[in-house]
Amino acid sequence: MPGTDPAEAMRIVLGELPDLPHLAELPARGPGAGLTGRTAALLIDLPVETTPTRWRFADRPGRDLSRARGLLSSDLDALEETTGGYQGPLKVQVCGPWTMAATIELARSQDPALADPGAMADLTASLAEGIRAHVGEVRKRVPGAQVLLQLDEPALPAVLAGSVPTASGLNRVPAPEETAAEAGLRAVAGAARAFTVVHCCGPEVPFGMIKAAGVQAVSLDLSMLRRDQEDGLAEIVEAGLGILAGAVPATAPGTAERGGARLPEPSVTARRVVDLWRRMGWPAAPGGGRDDVAGQVVLTPACGLAGASPGYARAALAHCREAARLLPEVIEEG
């Protein structure tokens, strides 16, 4: 979310998404609040620090790690204060193991941790333990919550393609074996014993590997999905996994921030999802019911809203909620 006030962000989230709120992330607060730094605050016995360009492993905990942990603690305080009495699903997001390994440097080298199998193993184990503790803390602070764990893996396609650059930029880190990639994701996804979503907002989402890792849902940016990738998504649907469909732009289209181009009507967004569902060969409501798409799909922004204005972020969340409400109606219209 945009902004720097965790309590205000949580009030917006709870107001616009009362049936599926999430613990807001506010990267605008600086180092320690973004994807990698925030998740690094969860690592167990694996301290980190900042460099001029990214995070790296450190010999001992220092000021950077303390700041990241402090920011996360304030977010959890805001969550607890604003969700009093809440019961229902509550989503929390952390960086997945492969994106972490691609964005944290080794302590004595500027290469990403991905380049060192031993460091990768240590990172996976530490992250799994840290996530287990984090989800436990959320459950303690919001006793009525059914926690959903989202693993953000924007770098996963690049990792699997062997296209993550080394420190010099002249070479690329070799891709891990598919079984190793699957095992690493599975180890972290299963740590918290929660309903787990893998979010990958780039092109070439590895649907098969994500499914094999044993998660319960996949989140993707629909604008990145090519026609030749729809079969992979269809297999996920057939397997019964949930689909978090990124159907709303993460930043304002065109000049919407200045009152120009606007988001489409929510019914148009709902129709786009239903049309995709049918194009993959899946009836929107087999047996005459209305619940197949509506029961398996959650409509979301395509990615995080940190780059949007506060007004657009609120509008995007409201748009998702209204488009989802209209799904059964759009299905009935055929």
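For the single chain, residues carry numbers from 1 onward in sequence order. When reading the values below, keep in mind they use all heavy atoms of this one structure, side chains included, and skip hydrogens, waters and symmetry mates.
- Between the R54 side chain and the E105 main chain, no donor and acceptor come within less than 3.5 Å of each other.
- For the atom pair E137 CD and S73 OG, the distance stands at 8.0 Å (nearest 0.5 Å).
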Please test T124 against M120 for side-chain contact (heavy atoms from CB on, under 4.5 Å), starting from the C-alpha separation and ending with a verdict.
CA-CA 6 Å; T124 300; M120 183 68 220; 3.3 Å; yes
Check the pair T50, D64 against side chain to side chain donor-acceptor pair (under 3.5 Å), reporting the backbone distance first and the verdict last.
CA-CA 6 Å; T50 58; D64 298 331; 2.9 Å; yes
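- Only one option out of V13, L148, L90, L79 pairs with H22 in a side chain to side chain contact (heavy atoms under 4.5 Å, CB included); it is V13.
- Of the possible polar contacts, none joining the E49 side chain to the L65 backbone as a donor-acceptor pair under 3.5 Å is found.
- Listed for the T196 side chain is a donor-acceptor partner under 3.5 Å among the backbone atoms of A189.
- Between L23 and Q150 there is no side-chain heavy-atom pair separated by less than 4.5 Å.
- Interatomic distance, L299 CG to C320 SG, rounded to the nearest 0.5 Å: 6.5 Å.
- Only one option out of L244, T300, I243, V198 pairs with L220 in a side chain to side chain contact (heavy atoms under 4.5 Å, CB included); it is I243.
- Proximity of a side-chain donor or acceptor of W98 to a complementary backbone N or O of A181 within less than 3.5 Å is detected.
- When each of R29, R141, R69 is checked for a salt bridge (Lys or Arg N to Asp or Glu O under 4.0 Å) with D75, only R29 meets the rule.
- Looking at R271 and D275, a side-chain N of the basic residue comes within less than 4.0 Å of a carboxylate O on the acidic one, giving a salt bridge.
- Hydrophobic clustering (side-chain heavy atoms under 4.5 Å, transitive across Ile, Leu, Val, Met, Phe, Trp, Tyr) keeps W277 apart from M224.
- Panel note: side chain S163, backbone A158; a donor-acceptor pair is recorded below 3.5 Å.
- You'll find the side chain of E153 stays beyond 4.5 Å of the side chain of I210, heavy atoms only.
- Classification of R226 and E204 as a salt-bridged pair holds, one side-chain N sitting under 4.0 Å from a carboxylate O.
- Using a 4.5 Å heavy-atom threshold, the side chains of F57 and L46 count as touching.
- When the shell of 6.0 Å around CG of D45 is examined, it contains 12 or fewer heavy atoms from other residues, nucleotides or ligands.
- Proximity of D19 to R321: side-chain heavy atoms (C-beta onward) are nowhere separated by under 4.5 Å.
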Carefully, step by step, assess L305 and R314 under the rule side-chain contact (heavy atoms from CB on, under 4.5 Å).
CA-CA 9 Å; L305 296 167; R314 186 190 291 265; over 6 Å; no
Determine whether V237 and Q296 satisfy the following criterion, side-chain contact (heavy atoms from CB on, under 4.5 Å), listing intermediate values before the conclusion.
CA-CA 8 Å; V237 171; Q296 196 169 356; 3.9 Å; yes
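- Closest non-hydrogen pair, P97 versus L123, comes out as O-CD2, 4.0 Å.
- The minimum heavy-atom distance between R56 and L106, with the atom names listed, is CB-O, 4.3 Å.
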Show, in sequence, the C-alpha distance, side-chain angles and deciding distance for L225 and L276, and conclude whether the side-chain contact (heavy atoms from CB on, under 4.5 Å) test is met.
CA-CA 10 Å; L225 183 70; L276 169 63; 4.2 Å; yes
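- Remark: the backbone N or O of D122 is not paired with any side-chain donor or acceptor of S126 at under 3.5 angstrom.
- Expressed to the nearest 0.5 Å, how far CE of M10 lies from CG of D5 amounts to 11.5 Å.
- Counting all heavy atoms, side chain and backbone alike, V248 lies closest to Y312 at CG1-OH, 4.0 Å.
- Rounded to the nearest 0.5 angstrom, L317 CG and L17 CG are separated by 4.5 Å.
- Note: the hydrophobic cluster containing I104 does not contain L71 (ILVMFWY, side chain heavy atoms under 4.5 Å, direct or indirect links).
- At most 12 heavy atoms of other shown residues, nucleotides or ligands fall within 6.0 angstrom of atom CZ in R193.
- No donor-acceptor pair under 3.5 Å is formed between the side chain of D152 and the backbone N or O of H199.
- Residues L185 and V94 share a hydrophobic cluster, clusters being chains of Ile/Leu/Val/Met/Phe/Trp/Tyr side chains in contact below 4.5 Å.
- Follow the hydrophobic side-chain contacts under 4.5 Å out from L151 and you never reach F195; the two are in separate clusters.
- Looking only at side-chain heavy atoms (C-beta outward), V173 and T166 come within less than 4.5 Å of each other.
- For R139 (side chain) and V147 (main-chain N/O), no donor-acceptor pair under 3.5 Å exists by modelled atom type.
- With contacts defined as side-chain heavy-atom distances shorter than 4.5 Å, the pair S109/D116 does not qualify.
- No path of Ile, Leu, Val, Met, Phe, Trp and Tyr side chains, each step under 4.5 Å between heavy atoms, connects V218 with V298, placing them in separate hydrophobic clusters.
- With hydrogens and angles disregarded, a donor-acceptor distance shorter than 3.5 Å links the side chain of Q216 to the backbone of G214.
- Distance check, rounded to the nearest 0.5 Å: OG of S267 to CZ of R325 gives 10.5 Å.
- With contacts defined as side-chain heavy-atom distances shorter than 4.5 Å, the pair K91/V138 does not qualify.
- A 4.5 Å side-chain heavy-atom check between L222 and V273 finds at least one atom pair inside the cut-off.
- Between V205 and C200 the shortest heavy-atom distance is CG2-O, 3.6 Å.
- With respect to R38 and E25, a salt bridge is recorded, a charged nitrogen being found less than 4.0 Å from a carboxylate O.
- Closest non-hydrogen pair, A9 versus A24, comes out as CB-CB, 3.9 Å.
- If you take CZ on R227 and CE on M280, they are separated by 11.5 Å, rounding to the nearest 0.5 Å.
- Scanning all heavy atoms of the two residues, the minimum distance from G3 to L26 falls at O-CB, 3.5 Å.
- Between E129 and R132 there is no salt bridge, since no side-chain N of the basic residue sits under 4.0 Å from a carboxylate O of the acidic one.
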